[in-house]
Amino acid sequence: MADPETRVTDPEARVVHPIEQESFRRLRARLDTSHFPPLTRAVVERVIHSAADLDYATDLVTDEGALEEAHRALHDGASVVVDVEMVAAGITRRDTVCRLKDAVSGPGLTRSAHAIRLAYEQVGPGALWVIGCAPTALEELLTLDAAPALVIGLPVGFVGAAESKAALRESGLPAVSNVSEKGGSAVAAAALNALLYHPVSHPESHSVSDPEFPSVAQAESRAGSPSKSKEKS
């Protein structure tokens, strides 16, 4: 397994396959994302890329300030908790905590909700939580005094998914969510990966580079900018 410190502090070391580069080029040719703030753009683009669904550009709800704080916490080594192993499998450059195998259901408590309790007992406050499957996992997290660095709340389903994400937004916690019933493990992992892959800023430079495409700004200026995530005010 790769050294965790390398995974945390050197996002630009990731080698991007030409197919992935072409996928992002086509995405940007079909959707103008240049108006998004840097981290919001990274999250929106990677979520869209993971699902081939351009509607996420207007479905996602983000806050650039919250993403900046979460990005800093993540690269400082904050714990990452996931609700299911499928989310963990999609996060390729960081160890995660998933307690679903240890959890049991009980009266008024789903197995997914119990797993969240167990995870919080393990990691404590300040973690990044990535929930892409069970609405009850997100609902349980909102009952805890978890003081998260970020909650990526993108569970999927016709029962409770949209409602749990609305509750997340109403909670005031730093979050990435979406309005509709869609979501899932792949898009939740993609949102976290966007923060992992985004370069760490250096004090002497305020420029924003794209870790996947370092020359994107130059390319867009030559060819013209290749358009709305709801950003919380």
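As the structure is a prediction and not an experimental result, all values here were calculated from the model.
Classification of E45 and R28 as a salt-bridged pair holds, one side-chain N sitting under 4.0 Å from a carboxylate O. Salt bridge present: R46 and E20 bring a charged side-chain N and a carboxylate O closer than 4.0 Å. A salt bridge between R72 and E68 is absent, with no side-chain N of the basic residue lying under 4.0 Å from a carboxylate O of the acidic one.
Among all heavy-atom pairs drawn from A162 and E181, the shortest one is CB-CG, 4.2 Å. Between V130 and A188, the shortest heavy-atom distance links the atoms CG1-O, 3.4 Å.
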Audit row: V187, S50, side chain to side chain contact (heavy atoms under 4.5 Å, CB included) steps and yes/no: CA-CA 6 Å; V187 296; S50 72; 3.4 Å; yes
Residue pair V104, L109: steps toward the side chain to side chain contact (heavy atoms under 4.5 Å, CB included) verdict: CA-CA 8 Å; V104 295; L109 185 71; over 6 Å; no
What do the steps show when you test R41 against V44 for side chain to side chain contact (heavy atoms under 4.5 Å, CB included), and what is the final call? CA-CA 5 Å; R41 182 184 189 186; V44 169; 5.9 Å; no
For the pair E64 and T40, evaluate side-chain hydrogen bond (donor to acceptor under 3.5 Å, both in side chains) and give the outcome as yes or no after the intermediate values. CA-CA 6 Å; E64 185 71 9; T40 297; 2.6 Å; yes
Between L67 and V176, does the side chain to side chain contact (heavy atoms under 4.5 Å, CB included) criterion hold? Intermediate values first, please. CA-CA 8 Å; L67 292 178; V176 172; 3.6 Å; yes
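Taking CG of L141 as the reference point, atom OG of S112 lies at 12.5 Å (rounded to 0.5 Å). Atom CG of N193 is separated from atom NE2 of H198 by 14.0 Å, given to the nearest 0.5 angstrom. Summarising the geometry, atom CD belonging to E85 is positioned 4.0 Å from atom SG belonging to C98; distances are rounded to the nearest 0.5 Å. Between atom CD of residue E140 and atom CZ of residue R117 there is a gap of 4.5 Å, rounded to the nearest 0.5 Å. Remark: L168 CG to E163 CD distance equals 13.5 Å, nearest 0.5 Å.
V156 and L142 are not part of a single hydrophobic cluster, where members link through side-chain heavy atoms under 4.5 Å apart. Placement of L118 and I116 in two distinct hydrophobic clusters is found when ILVMFWY residues are connected by side-chain heavy-atom separations under 4.5 Å, directly or transitively. Linking ILVMFWY residues whenever their side-chain heavy atoms come closer than 4.5 Å, directly or via other members, places Y120 and V97 in the same cluster. Cluster annotation: F36 and L39 are assigned to the same hydrophobic cluster (Ile/Leu/Val/Met/Phe/Trp/Tyr, side-chain heavy-atom contacts under 4.5 Å, transitive).
Listed for the D59 side chain is no donor-acceptor partner under 3.5 Å among the backbone atoms of N178. Remark: the backbone N or O of A175 is not paired with any side-chain donor or acceptor of D63 at under 3.5 angstrom. Using a distance-only test at 3.5 Å, with no hydrogens or angles considered, no donor-acceptor pair links the side chain of H71 to the main chain of A194. Between the side chain of D83 and the main chain of A134, a donor-acceptor pair closer than 3.5 Å is present. No donor-acceptor distance shorter than 3.5 angstrom exists from the side chain of R169 to the backbone of S177, with no hydrogens or angles considered. Side chain of R94 to main chain of L74: a donor-acceptor pair is present (N/O by atom type, distance under 3.5 Å, no hydrogens or angles). Side chain of H114 to main chain of A103: no donor-acceptor pair is present (N/O by atom type, distance under 3.5 Å, no hydrogens or angles).
Applying the side chain to side chain contact (heavy atoms under 4.5 Å, CB included) test to T96 and every residue at least two apart in sequence or in another chain returns V80, V82, A88, I91. For A127, the side chain to side chain contact (heavy atoms under 4.5 Å, CB included) partners two or more places apart in sequence, or in a different chain, are S79, V81, V123, W129. Applying the side chain to side chain contact (heavy atoms under 4.5 Å, CB included) criterion to D53, with sequence neighbours excluded, gives A51, D55, Y56, K182.
Residues T92 and Y197 are in side-chain contact: their nearest non-hydrogen atoms beyond the backbone lie under 4.5 Å apart. Residues S164 and P155 are in side-chain contact: their nearest non-hydrogen atoms beyond the backbone lie under 4.5 Å apart. Taking 4.5 Å as the limit, some side-chain heavy atom of P148 sits within range of a side-chain heavy atom of L173. Counting heavy atoms from C-beta outward, L195 and L150 have side chains that approach closer than 4.5 Å. A 4.5 Å side-chain heavy-atom check between V84 and S185 finds at least one atom pair inside the cut-off. Counting only heavy atoms from C-beta outward, the side chains of L128 and I152 never approach each other to under 4.5 Å.
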